[in-house]
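Computed from heavy atoms alone, side chains included, the values below leave out hydrogens, waters and symmetry copies. Computed from a prediction, not measured in an experiment: that's the story for all the values here.
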Amino acid sequence: MPADDFVVTPWNVEGDIDYDKLIKRFGTQKITPELLSKIEKFTNESHFMLRRGIFFSHRDLNRLLDDYEKGKKFFLYTGRGPSGHTHIGHLVPWVFAKWLQDKFGAKMYFQLTDDEKFWSKKDMTLEKTSQFALENALDFIALGFKPENTKIIIDTKNIKTLYPIAAEVAKRINFSNTKAVFGFENETNVGMIFYTSLQSAPCFIEDMPVLIPFGVDQDPHFRITRDVAPKINKPKPALIHNIMIPPLGGTKGKMSGSNENETIYTTDSPETVKKKINKYAFSGGQPDIEEHRKKGGNPDIDVSYQYLRIFFEPDDKKLKQIHDDYKSGKMLTGELKEILIQKINKFLESHQQKREMARDQLDKFLLKD
Ligand code: TRP
C-alpha cells in the first residue's frame, strides 16, 4: 500500500482515510445538506453527529424516508463482533441508533456475532467470544434501550431464528463474489466464507424495510446483502455510515481492541483513562510551549480534539471555543487533554453504573426463539 493510500474492510482498517474517496470506491451516497434537512423534518432536531459529518454516507436513506412519509414503517438493526470489551468507538453508532429509535419509534435488533469473531481471530475461543457477547450487550443496554422494542441476537444462541434466513441468503452468494469483495484465499476457513449470510439475516427478520447505522468498514457485507435482497423478494436494506474513530496514537486507521494502549474501553477506570490520554493521545500541538503559543496547535490531527468532536462535546459553541483557543495557541495540549479526560470520566462514571444495572435486565433483551 502506498504511504498516502488507505484500506477499509470489515477486518482491516489502515492509513489516512479520505472519506470522499471512500464514497467513490464503495459507491455509496454522500449525506447532502438536502438529506440533512429531510431528516430534521422528521426528527425536529439536528443531531450533532449528522451536523458534523460523523455520519457522512448512506445507501437508500432517501427512499426509506420517502416511504416513511407515506406511512411505511421501518426497523433498525446494528451489531457488534464480540472480540473484547466495548470501546468508545463502538458507542458512536449505538448512541445514534438510540436517537433514531426515539425519533422514529422503531424496533431495534442488535446482533452479537460470537461465531464471526471466533472464526476471524486466530487465538479466540468460542467460550471467550460468547462471554464478551454478554459483556458487550451490557454496554448497549446501558445506553437506554428498552426491552419492549429492542431485541439482542447472539448468533450461537439464536441460530434457530437466523438459520432459515441465512440459508436463503447463502444460496444467492457465490464464492467468487464473496472472494472478490473480501479477498478470501484458499486458507480462509469456511466459516468466514459463509459469514455474510449470517450478518445479512437480521436485515430480513421483520416484514418491513430496515435501516442500519454502523461504521463504514462493515459496508462490504451489506453491499452483498443488498444485491441478494430482490432475489429473495425483500426490500434492500437502507444504510447510514459513520467514520472510523481514530486510535489514540493518531488520526489513522481505527480504534481497535488489538492495541490496548490506543483504546479507551468502557470498563476503564478514571486513572487508566487519564494515563492513556496523557501518554498516548496524539497531539496536534507544537514541541514546546513557546512555539505552541506562537504557532498554535492543529485540531484536525489532534486526537483529543477529534474525540470531543466525534462524541464527547455535543455543544457546538463549546467545541468551537476549544477549537479556536487551541488553534491560536491560547490553549495548550495538556489543557486540551484535561478537558477530554474530564469528559470521558464523567461519561464513564454514569455509564459504568448503568452497565452494572443492566446485568439484571439482560435476560429481558435476549431474543427467545
Ligand atoms: N461484523 C460486525 C463486527 O465485526 C458485527 C455486526 C453484526 C454488525 N451485524 C452488524 C455491525 C450490523 C454493524 C451492523 O463488528
Side-chain angles (χ1 to χ4, degrees), residues 3 6-7 12-17 52 54 83-92 95 121 123 132 135-136 139 142 215 217 242-314 318-319 321-353 355:
F6 60 89
V7 177
N12 185 26
V13 176
E14 270 179 72
D16 203 352
I17 306 166
R52 295 180 189 167
I54 309 306
S83 52
H85 274 301
T86 304
H87 61 62
I88 57 176
H90 298 127
L91 299 180
V92 170
V95 164
K121 304 249 165 185
D123 295 321
F132 277 127
E135 288 295 315
N136 295 166
D139 290 293
D217 59 338
N242 65 265
I243 60 167
M244 298 287 99
I245 310 315
L248 280 174
T251 45
K252 289 187 176 170
K254 69 163 180 175
M255 188 177 268
S256 139
S258 7
N259 188 345
E260 284 194 19
N261 288 334
E262 302 229 21
T263 304
I264 307 274
Y265 295 95
T266 59
T267 46
D268 280 348
S269 70
E271 299 76 44
T272 305
V273 170
K274 193 181 169 98
K275 236 185 262 161
K276 282 184 183 172
I277 301 283
N278 278 332
K279 189 157 176 196
Y280 300 107
F282 183 80
S283 159
Q286 304 298 339
D288 59 61
I289 295 188
E290 203 185 334
E291 208 175 324
H292 188 87
R293 293 279 186 225
K294 227 188 287 164
K295 295 187 183 158
N298 181 357
D300 295 341
I301 59 165
D302 190 285
V303 168
S304 303
Y305 177 77
Q306 290 304 321
Y307 286 8
L308 291 170
R309 184 178 82 87
I310 293 169
F311 196 90
F312 291 101
E313 184 49 272
K318 287 188 188 160
L319 187 72
Q321 190 68 53
I322 293 169
H323 177 276
D324 294 351
D325 287 352
Y326 191 59
K327 206 168 170 148
S328 73
K330 191 170 157 202
M331 181 182 283
L332 300 173
T333 295
E335 292 165 336
L336 175 58
K337 287 191 172 187
E338 192 50 38
I339 295 176
L340 180 67
I341 292 166
Q342 300 274 345
K343 286 269 177 192
I344 296 183
N345 281 340
K346 193 165 161 228
F347 170 83
L348 285 185
E349 188 186 55
S350 131
H351 181 82
Q352 287 169 3
Q353 273 170 14
R355 199 179 176 280

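Checked by atom type, the side-chain pair Gln353/Glu349 shows no donor-acceptor distance below 3.5 Å. Glu14 and Asn12 share a donor-acceptor pair across their side chains, judged by distance under 3.5 Å alone. Of the N and O atoms on the side chains of Asp325 and Gln321, at least one donor lies less than 3.5 Å from an acceptor on the other residue. His351 and Asp139 are linked by a side-chain donor-acceptor pair at a separation below 3.5 angstrom, with hydrogens and angles left out of the test.
His85 and Glu135 get closest at one heavy-atom pair: CE1-OE1, 3.6 Å. Between Ser304 and Ile277, the closest heavy-atom pair is OG-CG2, 4.2 Å. Shortest non-hydrogen contact noted between Thr266 and Gln352 is O-NE2, 2.8 Å. Here the closest non-hydrogen pair linking Pro299 and Lys327 is CD-CG, 4.1 Å. Nearest heavy atoms, Gly285 versus Ser283: N-OG, 2.8 Å. Considering every non-hydrogen atom in both Phe6 and Asp16, the closest pair reads CD2-O, 3.5 Å.
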Check against ring-ring contact (aromatic ring centres under 6.0 Å, His included), His292 and Tyr326: CA-CA 9 Å; His292 188 87; Tyr326 191 59; 5.3 Å; yes
Test log, rule side chain to side chain contact (heavy atoms under 4.5 Å, CB included), inputs Glu335 and Met331: CA-CA 6 Å; Glu335 292 165 336; Met331 181 182 283; 3.8 Å; yes
Candidate pair Leu308 and Lys318, rule side chain to side chain contact (heavy atoms under 4.5 Å, CB included), full reasoning: CA-CA 10 Å; Leu308 291 170; Lys318 287 188 188 160; over 6 Å; no
Candidate pair Ile245 and Phe311, rule side chain to side chain contact (heavy atoms under 4.5 Å, CB included), full reasoning: CA-CA 10 Å; Ile245 310 315; Phe311 196 90; over 6 Å; no
Steps toward side chain to side chain contact (heavy atoms under 4.5 Å, CB included) verdict (Glu338, Lys274): CA-CA 8 Å; Glu338 192 50 38; Lys274 193 181 169 98; 3.9 Å; yes
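You'll find the side chain of Ile17 reaches within 4.5 Å of the side chain of Val13, heavy atoms only. Side-chain contact check for Pro270 versus Val273: every heavy-atom pair is 4.5 Å or farther apart. Counting only heavy atoms from C-beta outward, the side chains of Arg355 and Thr267 approach each other to under 4.5 Å. Using a 4.5 Å heavy-atom cutoff, the side chains of Thr263 and Leu248 are not in contact. When side chains are defined from C-beta on, Leu340 does not count as touching Val303, because their heavy atoms never get closer than 4.5 Å. The side-chain heavy atoms of Arg309 and Leu319, taken from C-beta on, include a pair separated by under 4.5 Å. Taking the side chain as every heavy atom from C-beta outward, Tyr305 and Glu313 never approach each other to under 4.5 Å. In this structure, Ile264 and Ile344 have side chains that are in contact, with non-hydrogen atoms separated by less than 4.5 Å.
Leu348 contributes atom CG, which lies 6.0 Å from atom CG of Asn345 (distance to the nearest 0.5 angstrom). The distance from atom OG1 of Thr333 to atom CG of Asp302, rounded to the nearest 0.5 Å, is 6.0 Å. The NZ atom of Lys295 sits 15.0 Å away from the OG atom of Ser328 when rounded to the nearest 0.5 Å.
Using a cut-off of 4.0 Å between Lys/Arg side-chain N and Asp/Glu carboxylate O, Lys276 and Glu260 are scored as not salt-bridged.
Checked by atom type and distance alone, the side chain of Asn242 pairs as donor or acceptor with a backbone atom of Gly215 at under 3.5 Å. For the pair Arg293 (side chain) and Lys330 (backbone), a donor-acceptor distance under 3.5 Å is present. Gln306 places a side-chain N or O within donor-acceptor distance of the main-chain N or O of Asp300, the cut-off being under 3.5 Å. With hydrogens and angles disregarded, no donor-acceptor distance shorter than 3.5 Å links the side chain of Glu262 to the backbone of Tyr280. Listed for the Lys337 side chain is a donor-acceptor partner under 3.5 Å among the backbone atoms of Ala281.
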